[in-house]
Amino acid sequence: MSILIDGKSTAQKCNSILKDSINELVQKGNRHPKLTVIQVGNVPASSLYIRNKMRACERVGILFEHITFEADVTQSELLKTIEQLNHNEIVDGILIQLPLPKHINEDEIISAIAPEKDADGFNPITLGHVMLNTSDIFPGTPKGIVRLLEEYQIPIEGANIVVVGRSNIVGKPVASMLTNKSATVTVCHSKTKNLAEITKRADILIVAIGRANFITKDFVNEKTTIIDVGINKVNDKFCGDVDFENVKDIVHAITPVPGGVGPMTISSLLDNVFKLYTKKIEQ
Ligand code: GUN
């Protein structure tokens with residue numbers, strides 16, 4: 001069996017340190033940090049993710065506000081709410097749970113969140129700073145991946161890293177962040193030719209494509225560390241984009257699903273809220 005990269009326990013460790021930092025500031029007379037989450041409609045997966053975020057916030061001492069809208073909410077109603085939250089002094093972080101219904105212009109909504117309240121790190125200004133290596137706020141999943149690699153002392157500098165998936169919230173930012181850490185990064189996607197030939201050369205393989213059990217032993221080598229970002233449901237069971245059973249005895253290290261990247265995404269979100277909060281209370 002390869003090394004199992006345990007995201008659950010790493011996240012617990014990070015969250016416990018964060019809880020102490022929040023507690024220390026509150027003991028000194030500061031207010032608690034606060035995250036506001038906006039949900040549109042009631043997609044079951046989104047409700048589950050939001051519940052997990054709420055529990056995590058409560059455990060570390062971040063106040064949690066959940067604003068819900070019917071699925072037929074208008075663009076202007078959403079923009080108005082974001083504008084109010086942007087000006088609300090005691091809201092440190094704003095998060096719009098994605099995906100949004102088709103009639104909503106998602107890019108405009110994400111761009112409306114003030115960068116100084118951008119808990120998800122999805123705003124184009126935040127992402128620009130991520131690319132330029134001038135940001136201390138990072139999208140949750142990419143940040144969680146980097147923290148996991150560091151925790152398990154998987155070398156990044158000079159490593160051949162292959163990212164499969166080019167989404168704005170995982171593939172593109174994680175490629176930028178790892179390039180900034182001096183890795184040699186290749187980004188692959190649905191139109192990539194000879195995918196297995198490229199992934200087989202990876203020291204670190206990051207997969208975020210949303211296709212259950214897609215990566216098998218034909219795509220890896222014995223030195224590969226696999227980071228599986230996928231969360232898919234097959235026969236009522238969660239599985240990743242990587243066929244875990246098929247590769248687990250071959251590769252160097254691997255994240256499980258569940259219990260790998262997922263808890264680190266939430267932990268990184270909490271860390272973003274704390275960073276936005278400390279910047280505010282220090283003003
Ligand atoms: N939907 C799936 N993942 C995420 C995430 O990390 N943030 C938000 N806002 N929506 C999501």
Side-chain angles (χ1 to χ4, degrees), residues 7 11 14-15 34-57 62 64-69 71 73 78-79 81-82 85-86 91-102 104-115 117-127 130 135 137-148 163 165-174 177 206-212 227-233 238 240-241 255 257-258 260-273 275-276:
C14 295
N15 294 352
K34 179 171 175 178
L35 172 66
T36 297
V37 171
I38 299 175
Q39 180 177 17
V40 180
N42 48 15
V43 177
S46 291
S47 300
L48 175 68
Y49 293 145
I50 291 172
R51 217 166 32 247
N52 289 342
K53 288 168 192 175
M54 180 183 73
R55 288 205 189 111
C57 280
I62 294 176
F64 187 90
E65 180 184 28
H66 185 189
I67 299 178
T68 55
F69 288 100
V73 66
L78 277 180
L79 288 172
T81 300
I82 294 168
L85 292 169
N86 281 343
V91 171
D92 301 294
I94 305 168
L95 181 153
I96 317 279
Q97 188 64 32
L98 304 177
L100 291 170
K102 292 240 170 342
I104 298 290
N105 178 342
E106 203 166 276
D107 290 341
E108 189 186 25
I109 296 293
I110 291 170
S111 300
I113 297 174
K117 300 207 176 188
D118 184 17
D120 253 333
F122 294 170
N123 182 297
I125 294 177
T126 313
L127 286 174
V130 168
S135 188
I137 299 296
F138 301 92
T141 301
K143 177 169 163 163
I145 291 170
V146 172
R147 287 162 109 196
L148 268 185
V163 179
R166 55 175 156 174
S167 70
N168 291 339
I169 65 177
V170 183
K172 286 180 201 168
V174 84
M177 289 162 68
I206 300 169
V207 193
I209 49 175
R211 293 180 64 176
I227 304 291
D228 187 353
V229 181
I231 306 177
N232 311 290
K233 219 169 185 185
F238 286 109
D241 292 345
T255 58
V257 177
V261 174
M264 292 303 295
T265 297
I266 295 187
S267 176
S268 299
L269 166 70
L270 304 180
D271 205 55
N272 278 346
V273 175
K275 284 211 165 69
L276 298 168

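First listed ligand is number 1; within each ligand, the first listed atom is number 1.
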*Is it true that atom CG of L79 has more than 12 heavy atoms of other residues, nucleotides or ligands lying nearer than 6.0 Å?*
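Counting other residues, nucleotides and ligands, CG of L79 exceeds 12 neighbours.
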*Can you sort out the partners of N168 under side-chain hydrogen bond (donor to acceptor under 3.5 Å, both in side chains), two or more places apart, ordered by chain and number?*
K172
_Tell me every residue that passes side-chain hydrogen bond (donor to acceptor under 3.5 Å, both in side chains) with K143, counting only those two or more places apart in sequence or in another chain._
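Partners of K143 under the side-chain hydrogen bond (donor to acceptor under 3.5 Å, both in side chains) test: D271, N272.
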*Neighbour list for ligand 1 [protein residues, heavy atom under 4.0 Å]*: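 Lining ligand 1 at under 4.0 Å, by heavy atoms, one finds K53, L95, I96, Q97, L98, D120, F122.
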_Suppose we screen for salt bridge (Lys or Arg N to Asp or Glu O under 4.0 Å). Which residues come up paired with E108, at least two apart in sequence or across chains?_
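Testing E108 for salt bridge (Lys or Arg N to Asp or Glu O under 4.0 Å), a comparison that skips the adjacent residues, returns none.
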*Nearest-0.5 Å distance that lies between atom CD1 in I50 and atom CG in L95*: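 Rounded to the nearest 0.5 Å, the CD1-CG separation comes to 8.0 Å.
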*asked:* I'd like to know if the side chain of Q39 pairs up with that of S46 as donor and acceptor (distance under 3.5 Å, no hydrogens or angles considered).
replied: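 S46 and Q39 do not have a side-chain donor-acceptor pair below 3.5 Å.
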